[in-house]
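Have a look at the structure below, then the notes.
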Amino acid sequence: MKLVVVSAGLSVPSSTRLLADRLAAGTGRYTSVDVQVVELRDLAVEIAHNFTSGFPGRALSAALEAVTEADGLIVVTPVFSASYSGLFKSFFDVLDQDALTGKPVLIAATGGSARHSLVLEHALRPLFAYLRAVVVPTAVYAASEDWGAEGLADRIDRAAGELGRLMEGLGSGAGAVRRAEVAGAADKADASVVVDTDTAAAIAPRSLDGALASADRFTVIPFEQQLAALRP
C-alpha cells in the first residue's frame with residue numbers, strides 16, 4: 001500500500017520532518033507500505049502560483065496526485081501563531097475537495113512549547129474532518145522538550161498502529177468498494193445515505209437483509225428504501 005507523508009517543515013534539518021519519518025517508520029511495522037514524502041518547503045513557489053493562475057506546476061501536480069492516490073496519509077506541520085502553518089493550509093487549499101474522502105490520515109505537529117498541543121484538536125482535526133478524511137484517534141504533538149523524553153515514542157507507536165490497521169481495513173476489497181460508494185454518494189442529488197449495517201439491520205432486519213453487504217460493515221442504502229423500511 002502507498003503511504004504519503006506531507007511535511008511542512010521549513011528548516012534543514014527539521015524536527016517536523018523527523019517526526020514525520022518516525023511516524024512513517026512506525027506505520028511500516030504494522031503494515032507493508034511504500035512511503036513517499038512530500039516536502040512542502042520545495043513546493044512553496046508553485047503553491048503560490050497555483051492560487052494566482054489556477055494551474056499547478058509540474059512538481060505540485062505530482063504531489064497532489066500522490067496524495068490523491070495514497071492509501072493513507074501522515075501530515076505534520078510546525079505550529080505558527082497557535083495553528084498550522086500557512087504553507088500547510090495552502091497545500092490542502094489547492095487539493096481537490098474530494099481527494100481525501102474516506103482516506104485514513106494521521107495528524108501530527110511540532111512546536112517549541114507543550115502549550116500548543118491543542119492545535120491538533122482545535123485546528124488539524126476539524127480541517128481533515130471537513131475534507132471527509134478518516135482521522136486516526138491518536139494525534140501526535142512533539143514539543144522541543146519531548147525529544148528524547150519518555151512518552152513520545154509510545155505516542156508515535158500508538159498512532160502509527162492505528163493508521164496501519166486502518167489502512168489494512170480500508171485497503172481490503174470490500175473496504176475499497178465502500179470508499180468508492182461514499183465518494184459517489186456525496187455527488188448524487190437523490191441523497192443516498194451511507195449507514196452502519198448493524199444500525200440498519202436493527203431498524204429493519206427483514207426488509208433490509210437483501211441490501212446489506214455481508215463482506216463489509218458499511219453499505220449505501222437509498223433514502224427511499226430507508227423510508228420504506230421504517231413504515232409499519
Side-chain angles (χ1 to χ4, degrees), residues 1-44 46-47 59-60 62-80 83-92 95 99-100 103-114 116-117 119-121 123-125 127-128 133-168 170-171:
M1 286 184 289
K2 182 178 180 181
L3 174 64
V4 173
V5 179
V6 178
S7 172
L10 298 179
S11 60
V12 180
S14 164
S15 60
T16 300
R17 175 61 187 271
L18 176 60
L19 179 58
D21 288 343
R22 290 185 61 178
L23 288 167
T27 305
R29 291 193 291 268
Y30 289 90
T31 187
S32 178
V33 291
D34 294 321
V35 179
Q36 178 179 346
V37 178
V38 175
E39 281 279 10
L40 298 187
R41 177 185 63 247
D42 301 330
L43 301 173
E46 289 196 19
I47 291 173
L60 177 58
L64 295 174
E65 182 179 358
V67 168
T68 301
E69 295 181 353
D71 296 298
L73 289 180
I74 294 172
V75 297
V76 191
T77 178
V79 174
F80 292 159
S83 188
Y84 37 63
S85 72
L87 179 60
F88 181 86
K89 179 61 162 58
S90 294
F91 176 76
F92 289 100
L95 184 69
L100 300 188
K103 197 181 300 294
V105 176
L106 192 167
I107 57 174
T110 59
S113 168
H116 292 304
S117 60
V119 69
L120 295 167
E121 305 303 326
L124 270 77
R125 196 177 295 276
L127 170 63
F128 289 95
V134 181
V135 185
V136 302
T138 300
V140 180
Y141 179 83
S144 299
E145 62 266 26
D146 288 328
W147 297 103
E150 293 183 4
L152 179 59
D154 291 338
R155 297 199 303 275
I156 289 173
D157 184 68
R158 183 168 63 248
E162 292 169 357
L163 178 63
R165 288 187 289 269
L166 189 56
M167 289 176 65
E168 285 281 355
L170 293 181

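Since this is a predicted model, take the numbers as computed values, not measurements. Along the sequence shown, residues are numbered consecutively beginning with 1.
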Closest approach of L163 to P104 (non-hydrogen atoms, all atoms of both residues): CD1-CB, 3.8 Å
S7 meets the side chain to side chain donor-acceptor pair (under 3.5 Å) criterion, sequence neighbours left out, with none
Main-chain N/O of S85 paired with T77 side-chain donor or acceptor, under 3.5 Å: yes
Where do G112 and Y141 come nearest, in terms of heavy atoms and distance? N-OH, 4.2 Å
A159 to V136 - nearest heavy-atom pair and separation: O-CG2, 4.5 Å
Can you list everything that forms a salt bridge (Lys or Arg N to Asp or Glu O under 4.0 Å) with K89? Sequence neighbours excluded, please. D93
Please name all residues satisfying side chain to side chain contact (heavy atoms under 4.5 Å, CB included) with A160, sequence neighbours left out, ordered by chain then number. T27
So which heavy atom on A114 is nearest to which on A143, and how close? N-CB, 3.7 Å
Residues in side chain to side chain donor-acceptor pair (under 3.5 Å) with Y30, at least two apart? D157
Enter the distance from L87:CG to I47:CD1 here, rounded to the nearest 0.5 Å. 5.0 Å
May I have the step-by-step check of side chain to side chain contact (heavy atoms under 4.5 Å, CB included) for L152 and W147, ending in yes or no? CA-CA 7 Å; L152 179 59; W147 297 103; 3.8 Å; yes
So, using side chain to side chain contact (heavy atoms under 4.5 Å, CB included) as the criterion, who are the partners of S113 when residues are at least two apart? R115, H116
So D71 and L170, do their side chains get closer than 4.5 Å, heavy atoms only? no
Selection residues 140-153 - residue pairs positive for salt bridge (charged side-chain N to carboxylate O under 4.0 Å, His left out), sequence neighbours left out: D146-R155
Under the side chain to side chain donor-acceptor pair (under 3.5 Å) test, which residues partner T31, sequence neighbours left out? E168
Residues in ring-ring contact (aromatic ring centres under 6.0 Å, His included) with F92, at least two apart? F88, F128
Test item: K103 side-chain N/O and L73 main-chain N/O as donor-acceptor pair under 3.5 Å: no
Report yes or no: does D34 contribute a side-chain atom to a donor-acceptor pair with the main-chain N or O of K2 at less than 3.5 Å? no
Between L120 and A139 the two heavy atoms that sit nearest each other are CD1-CB, 3.7 Å
Salt bridge (Lys or Arg N to Asp or Glu O under 4.0 Å) filter on E121, not counting sequence neighbours, yields R125
Taking side chain to side chain contact (heavy atoms under 4.5 Å, CB included) as the test, write out the residues that go with E46, two or more places apart. A59, L60
Note: R158-D154 ion pair, threshold 4.0 Å (strictly below): no
Within the side chain of Q36, is there an N or O that forms a donor-acceptor pair under 3.5 Å with the backbone of A66? no
Apply side chain to side chain contact (heavy atoms under 4.5 Å, CB included) to residues V5 and D21 and explain how you reach the verdict. CA-CA 8 Å; V5 179; D21 288 343; 5.5 Å; no
Which pair of heavy atoms, one from A133 and one from V105, lies closest together, and at what distance? CB-CG2, 3.7 Å
For T68, all residues meeting side chain to side chain contact (heavy atoms under 4.5 Å, CB included), sequence neighbours excluded: L95, A99
Contacts of type salt bridge (Lys or Arg N to Asp or Glu O under 4.0 Å), residue R41, not counting sequence neighbours: E39
Here the gap from M167 atom CE to S32 atom OG, rounded to the nearest 0.5 Å, amounts to 9.5 Å
What verdict does the side chain to side chain contact (heavy atoms under 4.5 Å, CB included) test give for T16 and L10, after you've listed the backbone C-alpha separation in whole Å, the side-chain angles of each residue and the deciding distance to 0.1 Å? CA-CA 8 Å; T16 300; L10 298 179; over 6 Å; no
